[in-house]
Amino acid sequence: QVQLVESGGGLVQAGGSLRLSCAASGRSFSSYDMGWFRQAPGKEREFVAAINWSGARTYYSDSVKGRFTISRDNTKDTVSLQMNILKPEDTALYYCAAGRYIAVLTRAREYGYWGQGTQVTVSS
């Protein structure tokens with residue numbers, strides 16, 4: 001089992017940057033695939049980025065590709081999301097998620113563990 005705590009959200013102007021972090025506690029973090037999802041008011045939760053257990057594979061939604069970078073540090077049990085060139089449409093509650101032996105890292109239902117979320121607001 002793993003517990004996840006996100007941090008790093010906030011208010012930023014369009015074009016700015018934020019770095020989200022997700023700290024994991026529990027056993028065997030390095031065996032978990034990790035993902036970031038977001039949910040804006042009135043919308044469904046959507047995939048943002050994911051990284052496999054070793055860090056060898058990363059995935060991004062088309063809407064953030066080239067602007068966001070996911071990374072992990074298995075020595076510190078953390079996963080990060082560097083967000084650059086932020087847009088107002090990036091405004092959402094961002095969730096960190098973890099799961100093992102995930103077949104499709106872009107699919108939310110594959111993840112068994114979720115954090116509480118951190119709010120990102122981008123002003124125009």
Side-chain angles (χ1 to χ4, degrees):
Q1 191 162 351
V2 64
Q3 292 80 43
L4 304 171
V5 178
E6 303 96 335
S7 62
L11 173 64
V12 64
Q13 288 188 332
S17 298
L18 282 175
R19 185 176 180 87
L20 304 184
S21 293
C22 175
S25 60
R27 301 179 65 179
S28 305
F29 171 78
S30 60
S31 68
Y32 285 84
D33 301 314
M34 302 296 296
W36 286 97
F37 293 79
R38 67 188 182 187
Q39 188 167 17
K43 295 188 177 181
E44 293 188 353
R45 189 171 299 188
E46 66 171 354
F47 168 74
V48 176
I51 188 166
N52 79 320
W53 63 273
S54 69
R57 291 182 289 133
T58 57
Y59 303 86
Y60 298 93
S61 69
D62 288 343
S63 62
V64 307
K65 196 172 296 182
R67 300 187 297 122
F68 291 12
T69 303
I70 189 171
S71 60
R72 68 187 296 159
D73 186 340
N74 286 345
T75 66
K76 297 181 179 179
D77 293 356
T78 59
V79 62
S80 298
L81 185 69
Q82 178 66 42
M83 307 187 296
N84 298 327
I85 317 175
L86 283 160
K87 304 175 181 180
E89 52 263 43
D90 294 318
T91 295
L93 188 60
Y94 283 70
Y95 296 92
C96 175
R100 301 179 74 181
Y101 313 118
I102 293 178
V104 181
L105 270 71
T106 60
R107 196 155 56 192
R109 66 175 183 267
E110 299 268 2
Y111 294 82
Y113 304 97
W114 292 81
Q116 293 299 306
T118 185
Q119 178 67 38
V120 171
T121 303
V122 184
S123 63
S124 57

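- Looking at residues two or more places apart in sequence or on another chain, you find no side chain to side chain donor-acceptor pair (under 3.5 Å) involving Gln39.
- Residues Ser31 and Ser28 approach most closely at OG-O, 2.7 Å, considering heavy atoms.
- Taking both residues in full, the closest heavy atoms of Ala14 and Pro88 are given as CB-CD, 4.1 Å, listed atom of the first, atom of the second, then distance.
- Under the disulfide bond (SG atoms under 2.5 Å apart) criterion, the residue pairs touching residues 55-124 are Cys22-Cys96, with sequence neighbours excluded.
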Item to check | Trace of the ring-ring contact (aromatic ring centres under 6.0 Å, His included) decision for Phe37 with Tyr111 | outcome: CA-CA 11 Å; Phe37 293 79; Tyr111 294 82; 5.3 Å; yes

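- When the side chains of ILVMFWY residues are joined at heavy-atom separations under 4.5 Å, either directly or via intervening members, Tyr60 and Trp36 end up in a single hydrophobic cluster.
- Relative orientation of the Tyr95 and Trp114 rings is perpendicular, given thresholds of 30° and 60° on the angle between their planes.
- Rounded to the nearest 0.5 angstrom, Asp77 CG and Met34 CE are separated by 9.5 Å.
- With Asp33 contributing its side chain and Trp53 its backbone, the two residues share a donor-acceptor pair below 3.5 Å.
- Two residues are said to be in side-chain contact when any heavy atoms from C-beta on lie closer than 4.5 Å; Glu46 and Glu44 fail this criterion.
- Summarising the geometry, atom CD1 belonging to Ile102 is positioned 10.0 Å from atom CG belonging to Asn52; distances are rounded to the nearest 0.5 Å.
- Contact check for Leu20 versus Glu6: no side-chain heavy atoms found under the 4.5 Å cut-off.
- If you take OG1 on Thr91 and CD on Gln119, they are separated by 7.5 Å, rounding to the nearest 0.5 Å.
- With rounding to the nearest 0.5 angstrom, the CG atom of Leu18 is 8.5 Å from the CD atom of Gln82.
- The two residues Arg72 and Tyr32 make their nearest non-hydrogen contact at NH1-O, 2.8 Å.
- Remark: the backbone N or O of Ser80 is not paired with any side-chain donor or acceptor of Ser21 at under 3.5 angstrom.
- What you find for Ser17 and Ile85 is that their closest heavy atoms are OG-N, 4.3 Å.
- Taking OG of Ser7 as the reference point, atom CZ of Arg19 lies at 10.5 Å (rounded to 0.5 Å).
- In summary, Arg38 and Asp90 engage in a salt bridge, as defined by a charged side-chain N under 4.0 Å from a carboxylate O.
- Leu93 and Ile70 are assigned to two separate hydrophobic clusters, defined by single-linkage of ILVMFWY side chains at heavy-atom distances under 4.5 Å.
- One finds the CZ atom of Phe29 at 8.0 Å from the CG atom of Asp73 (value rounded to the nearest 0.5 Å).
- Contact between Tyr59 and Phe47 at its shortest, heavy atoms only, is O-CZ, 3.6 Å.
- Put simply, the side chain of Leu86 does not reach to within 4.5 Å of the side chain of Gln13, judged on heavy atoms.
- Val120 and Phe68 fall within the same hydrophobic cluster, defined by Ile, Leu, Val, Met, Phe, Trp and Tyr side-chain heavy atoms under 4.5 Å apart, directly or through other members.
- Between Leu4 and Ala24, the shortest heavy-atom distance links the atoms CD2-CB, 3.8 Å.
- Linking Ile, Leu, Val, Met, Phe, Trp and Tyr residues whenever their side-chain heavy atoms come within less than 4.5 Å places Leu81 and Val2 in a single cluster.
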